[in-house]
There are 2 protein chains.
Amino acid sequence: MFSKACTYGIRALILITQRSNEGEKIGAKEIAEVTATPEPFTAKILQQLSRQGIIQSVKGPRGGFYLDDEQQNTPLYTVVAAIDGDQLMTGCGLGFLECSDEKPCPMHAKFKSIRASINKMLQSTTLKDLSNDVEGGLSFLSLKN
Amino acid sequence: MFSKACTYGIRALILITQRSNEGEKIGAKEIAEVTATPEPFTAKILQQLSRQGIIQSVKGPRGGFYLDDEQQNTPLYTVVAAIDGDQLMTGCGLGFLECSDEKPCPMHAKFKSIRASINKMLQSTTLKDLSNDVEGGLSFLSLKN
DNA sequence: ATAATAAAAGACAAAAATATCTTTTATTTC
DNA sequence: GAAATAAAAGATATTTTTGTCTTTTATTAT
């Protein structure tokens, strides 16, 4: 469903959101450790998210990554689109370019409601939502791969 | 969502089902042309599906691929599992191994109903269903990529 | 039997995704 | 200002996916 880069990115963002709420920044090394992801690869993804304005970064001692208040309201949709593109959310399930309601591929109808619920979920779930659940003990970010 | 191999495989299977209903076999070359897929790659996927008992194949002149009656009732689930595995249907959305209802990842709850509808769709849709829609003009298999 | 046909198998090639390593730049602390 | 720190950037490596090509095997038709 999502690429590894995307799952690593989401995991990292949830953790950064948590720390940001505690007024802390967090470095790539600790992010990789806590989220069980390969550090240099995760660092690359964070770089990309920073360039795209999804996170803030500060170089140097006591530097690291954080999210400002506005960024904590970023919906998952934006994150997934930034890393994986929007093929999952808008593209044809069988990979056809010309597929549409008017000229549907054989899976078009079957896919429609599924795509709708994926989109709804991605648009209505923010980083803050996910981080709140972890904070409240409803879910866990530190699981093994 | 699906790999290219999987979308090519599904496209091919729908066409083979149509032809099988007309009592015809169809060769890899024509399959690739009609479904707009790379021929040798599609041929490889068909080989794999044949080994896995999802399609029948006959070598030599007038040979080709076809589905027997039972195989036409194969649900998409079986096809997707055969080509892509069942990570999409059963795995964790964030890629964690240990994710479960008891110890859920941050996206677990959000994903649950989506995964359920994906599974339901894949289990309840057969190759024959999809081929019937194409046959009835409700959907189209020959679209551009 | 022979020739023609079409899938099977296996080797090979290219591209994309994943992962790592090194050097540079910015920032902070002393 | 110098040293230390941590992200940015860029080069490189590995693996997986996608795609192609060649040879072999089975079948059919003549």
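Any value given below was found using the heavy atoms of this structure, including those in side chains, with hydrogens, waters and symmetry copies removed. In what follows, chains carry the letters A, B, and so on, assigned in the order in which the sequence lines appear, proteins first and then strands, with residues in each chain numbered from 1.
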- Query: Between atom CD in Glu30(A) and atom C1' in dA7(D), what is the gap in whole Å?
  - Reply: 15 Å
- Query: Counting side-chain heavy atoms from CB outward, which of dA8(D), dA7(C), dT18(D) is closest to Phe65(A)?
  - Reply: dA8(D)
- Tell me which residues in residues 80-93 of chain A put a heavy atom below 4.0 Å from DNA chain D, sorted by number, or none. none
- Item | Ile54(A) vs Thr78(A) side-chain heavy atoms within contact, under 4.5 Å | yes
- Under 4.0 Å between a side-chain N or O of Ser57(B) and OP1 or OP2 of dA6(C)? no
- Item | Side chains of Lys103(B) and Glu98(B) in contact at under 4.5 Å (non-hydrogen atoms) | no
- Think Tyr8(A) has a side-chain N or O under 4.0 angstrom from the OP1 or OP2 of dT18(C)? no
- Query: So does Asp101(A) pair up with Lys112(A), basic N to acidic O under 4.0 Å?
  - Reply: yes
- Task: Give a yes or no answer on whether the side chain of Arg115(B) reaches the backbone of Cys92(B) with a donor-acceptor pair at less than 3.5 Å.
- Result: no
- Give the rounded distance in Å between these two atoms: CD1 of Ile31(B) and C1' of dA7(C). 11 Å
- Note on the structure: note: Lys59(A), atom NZ; dT24(C), atom C1'; distance rounded to Å ~ 8 Å
- Message: Need to verify one output field. Residue with the more 5' nearest nucleotide on DNA chain C, Ala28(B) or Arg62(A)?
- Response: Ala28(B)
- Rounded to the Å, how far apart are Lys25(B) NZ and dA7(C) C1'? 12 Å
- Query: Taking the side chain as C-beta and beyond, is there a heavy-atom pair between Gln18(B) and Glu24(B) under 4.5 Å?
  - Reply: no
- Which residues pass the ring pair (Phe, Tyr, Trp, His ring centres under 6.0 Å) test with Phe41(A), sequence neighbours left out? Tyr8(A)
- What residues in residues 40-56 of chain B put a non-hydrogen atom under 4.0 Å from any atom of DNA chain D? Pro40(B), Phe41(B), Lys44(B)
- Message: What is the distance, to the nearest angstrom, from the CD atom on Glu39(B) to the C1' atom on dT20(D)?
- Response: 10 Å
- Between Cys99(B) and Cys105(B), which heavy-atom pair has the shortest distance, and what is it? SG-N, 3.4 Å
- Query: Are Arg19(A) and Phe65(A) in a cation-pi contact, defined as NZ or CZ under 6.0 Å from the six-membered ring centre and within 45° of the axis?
  - Reply: no
- So, Asp84(A) versus Ser3(A): side-chain donor-acceptor pair below 3.5 Å or not? yes
